Structure formats: structure tokens, C-alpha cells
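These values consider heavy atoms only, across backbone and side chains, with no hydrogens, waters or symmetry-generated copies. Here the structure is a predicted model, which is why all the values come from computation and not from measurement. Counting starts at 1 for both ligands and their atoms, in listed order.
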Amino acid sequence: MVVMATVPKKDKKKKKKKAKKKKKTSDVEKGVEKLSIKEARPQIPQRGRPVPTKLTEENMAALYGSGPPAKNNGSQPHKFWNTQPVPQPADDQKTTTTSVNEPIELKVVDQIPAEPYALPSAYTWCSCDMNDPVVLDEVYTLLCQNYVEDDDNMFRFDYSREFLKWALHPPEYIQEWHVGVRSRTGKKKLYGFITGIPVEIYVYNKLTKMVEINFLCVHKKLRGARLAPVLIKEVTRRVNRRNIWQAVYTAGVVLPKPIAKNRYYHRSLNPVKLINIGFSRLQPKMNMSRTTKLYKLPVEPLTPGIRKFEKKDGPACWKMLVEYLKKFALTQNFTLDEFLHWFTPREGVIDSFVVEDPETHEVTDLLSFYTLPSTIIGNKKYNMLKAAYSFYNVSTKTPWKQLMHDALILAKQLKFDVFNALNVMENDIFLKDLKFGIGDGHLQYYLYNWRCRPMEPKEVGIVLL
Ligand code: MYA
């Protein structure tokens, strides 16, 4: 997952007040928490709990409060996360002062319930077949209307249908890990979603089969009702049943306990639009025409031999990437098939380019970015922000600044408004010189059921979608 992060805004006071007010409602959720995340049992209504047997989204919200719970800055207990095998605040010494790098708990498949977790009786579990256009449409609509927004609720991610298929169908994907919650009756509307895809992850040189978790989403009508912990527990159960015990995920929120805290940086490509929609501000002593000039880019890329990635580049580029990633502490072990899946260009989803030496025809560099537009909420003139997100880049010959300058030019050619990059890997080398501005949000990296020393942002060598 990625976090929306516009350039810093001064006026955060109003937000804080709002958050304080909301905390009250989030304290009344105990009933649903008990219903939802007690140890696994068959999907039958439970007796003796203070919740109606027929829970609908309306009465669930009325009883237990709706709207997002207040943000927990780490000082309050986490009713759910404090019960999970993740590093807890009290474990600080264990992870910061030693070279420990191991699972937190060990279990066997027989210990994992074969039946799904209980849901309120009005809801039921499903596995989402993203090849079914009707299901794909339902997932797209849920996310497009309810997924991640920036702090000021001005922008909301709008992952396209084709993007979702790409993100969720890597080689060996498991459909059962694309978990949905639907209402049991009527149109069987989709209210909750979470996904896992299989990955092999290196943490400080130790390779482990994991699941990469993404797209956790609860419909706005059911917020604050403790459905998220149930979704997480159910996907964990389904993953554990296949003998996988670790996960990697990212989030904008701080939970126990980030393995790394990264930042987003933004490079304006269409500064006038970005300022008009409130994504960025005019800098002091700047006007629109000076700003436009500041961010102007050449029309064509400058590196001789730069061209679109083709399937034939696969083996060489894959080796180049695998070799490059050895520098970092948290990386994905891509197979060639996976590499081809993630890097073969798909219009409006993923763009990849290589530099082919005009004389030797050797491929020396790779750059890639994915397409993730955002809905601009409530703007009359513009409804879409088109953002490119830096994916994986490798430079063995073209200097970093030149390579990524070309990335900006190529993104501009493709009509993106902004080019975003995290301060992962060696990105620090080019961010400042290429006029990226720092965003106002952090992106936390997490590992589930793994204990190790936290990482510097530049030690992170993995980018999640
Ligand atoms: S990150 C993207 C998350 N999605 C969004 O931000 C979309 C918009 N928001 C929503 O849809 C809802 O607000 C969500 C929470 C669904 C986020 N990751 O049901 P609740 C904890 C993990 O009452 P709601 C992504 O996709 C929160 O701290 N936990 O809350 C990666 C609290 O627990 P505790 C989160 O607002 C996901 C509890 O949920 C997150 O209605 C990785 C409250 O539940 C979050 N982003 O719904 C998931 N936000 O009381 C973990 C809140 O303890 C995977 N919470 O503080 C773990 C590995 C699983 C597999 C393991 C296999 C081995």
C-alpha cells in the first residue's frame, strides 16, 4: 500500500480537534470486538454477547459508532495489535540492541482452525475472483469510494481495474487470499476487503516465504466497528493454513511496530494543476510562471539508447535487479517469471524502460514507475490527479540523476501530473537535485511475526503497490 502525502500543510490544528472528538465513539466498540475476533469458531450466531443477532451496517454503526477511530500515536494500547505476534513497545531492547532476526512465534498448521472466523450474521466471507469482471468491478468500486485518503480528505486513491488485476495476479497467486466480506442478503454488497500475494522476502540476508498484504479496506458505513481486525485475522488464518507464518505490509498509520519509517517525495510535472487542486502551494516569492519554468523538462529523454522494456530484456534486467537488491536489508527475491510479471509494460498500469548501450547493445540500466491516479474530492474543475510512482530502478552505467531525470521526462510525456518516490534504496542521491519536495506523510514498513533490528529508510529495498 502507499500513502497519500501532499506537500506539508501548516493548518493541522483543526484536524487534531476533530480527532479528539472522534475518540469517544471508538471506545464503544467492545461488543463487536468480542464478537469478531475471539478465537476461531464456526460461522454461527454466538449467544450471550451484547450485540443483536441481526447486525446490519446501519445498527452496527448506530450501536458501536461510525467514522474512523482516533489516530493512535503509539501511546495508547492497541486492543488488537497488542495480541498479535508483532514486536511490542516493551520489546524495544530485544530488537534495537541485538542482531536478532527470527520469527516471534512458531506454530504448526494443525493448530490453525479450518473454519473461517465468525462474522456478524448479516455478513459472510468470500474469495474474490478478480478474473470475473463483475467481482473486479465490485472491488474497484469499494476501493475507489472507500480506500486511502490524504489527511485532509482532498484526494483518494483510484486504483484502476487493470492495475488491481496486475497487483493481485502475480505468478502462483492464491485466489483464496483475496478476501472479501459481503452482506448475506439482497445484492450481497462488498463491505470489506484484504489481499495477500505470495512473496519470498530477504530480511538481513535471511530468506523466508511470506505473504504481502495490501488493499485492506472497510466500507465507510462500517468504520470503527472492529471489522479490520477480523479481516486481518481471517487472511492470517488462510495464509497460515498454507504453512506461511510471516507477512510484509506497509501503512500510513503507526502500529506496533514499524521496521522502517519512510517518506514520500513529490516532483511536480504539471505544477499549475497541482497548485490549483491544492496538492501543492506556491513557494514564497514565486508566481505561476516562475514555478512553471522551475519544473520545466525537456520534451525527449536525454540518454542515448533509452527505450521501452521488451520481453527479450527480461533475463538480463532480472539479473541486474537481483544483483542490485543485494545491497539492501529488506528485499523481495524475484523469480524471472515474477520479474516479467511486474516489469512488462501495461498501459496505464506499469511503465518500464531500459538503457541499451548503442554500441554493445548491452542493457545497462532499468527504470520503472506505476500509475496510481487519485480522485480529487469535490473539485469542480478537475476530478483526477494522475500520479506516477517510482517502482524499481537500477543504474549500472547511466548516472542516477540522469536516469531519473529521464524518468521524469518519460512520465511527463505520458501526461502524469506528479512523479512520486519514496526515500528507499538509493533514491536520496537524486531527490533533491531533481526538485522533489518532501511529502507530509510517512510510510511505515512492517513485518508480521518477525523480530529484528529496525532499518534506516535507505536500507529498505522493496516497494509495495
Ligand atoms: S494499508 C491501507 C489501509 N486502508 C486504508 O487506509 C483505507 C481506508 N481505511 C479503511 O478502510 C479503514 O479505516 C481500515 C480500518 C480498514 C484501515 N493496518 O475495524 P476497525 C487497526 C492494520 O474498527 P476501521 C494496507 O492495506 C487499528 O489500529 N491495522 O477500524 C496494509 C485498530 O487496532 P488496535 C489497522 O477504521 C494492511 C483496528 O484496526 C490499520 O473501521 C496491513 C481498528 O479496527 C491498517 N492500515 O478499519 C494489515 N488501520 O485497536 C495487517 C487501522 O489494535 C496485515 N488498523 O489499534 C498483518 C499480516 C496479516 C497476514 C499474516 C500472515 C502470516
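- With Gln332 as reference, Val199 is the one residue of Val322, Val199, Leu325, Val463 to meet the side-chain contact (heavy atoms from CB on, under 4.5 Å) rule.
- Atom numbering of ligand 1 starts at 1 in the shown order; those under 4.0 Å from a heavy atom of Thr250 are 1 (S), 25 (C), 31 (C).
- For ligand 1 and Gly224, the ligand atoms under 4.0 Å from any heavy atom of the residue are 23 (O), 24 (P), 41 (O).
- In summary, the atoms of ligand 1 found under 4.0 Å from a heavy atom of Val211, numbered by their order in the structure, are 62 (C).
- Those atoms of ligand 1 that come under 4.0 Å of a heavy atom in Asn240, given as number and element, are 63 (C).
- Of all the listed residues (Val253, Leu216, Val248, Thr236), Leu216 holds the heavy atom that lies closest to atom 26 (O) of ligand 1.
- Every residue was checked against the ring-ring contact (aromatic ring centres under 6.0 Å, His included) condition with Phe193, not counting sequence neighbours, and none meets it.
- In this structure, a donor-acceptor pair under 3.5 Å is present between the side chains of Asn82 and Gln88.
- Here the shortest heavy-atom distance to atom 32 (C) of ligand 1, taken over His78, Arg226, His219, Met210, belongs to Arg226.
- Close approach of ligand 1 to Val218 is summarised as follows: ligand atoms under 4.0 Å from at least one heavy atom of the residue are 10 (C), 11 (O), 16 (C).
- Side chains of Tyr140 and Glu162: a donor-acceptor N/O pair is absent below 3.5 angstrom, by distance only.
- Which parts of ligand 1 touch Phe80 is read off a 4.0 Å heavy-atom cut-off, strictly below it: atoms 33 (O), 34 (P), 50 (O), 53 (O).
- Not less than 6.0 angstrom separates the ring centroid of Phe416 from the ring centroid of Tyr389.
- The atoms of ligand 1 that sit less than 4.0 Å from any heavy atom of Leu227 are 19 (O).
- No side-chain donor-acceptor contact under 3.5 Å links Asn423 and Asp428.
- Residues that satisfy the ring-ring contact (aromatic ring centres under 6.0 Å, His included) test with Tyr448, not counting sequence neighbours, are absent from this structure.
- Within the listing of ligand 1, atoms 63 (C) sit less than 4.0 angstrom from a heavy atom of Trp245.
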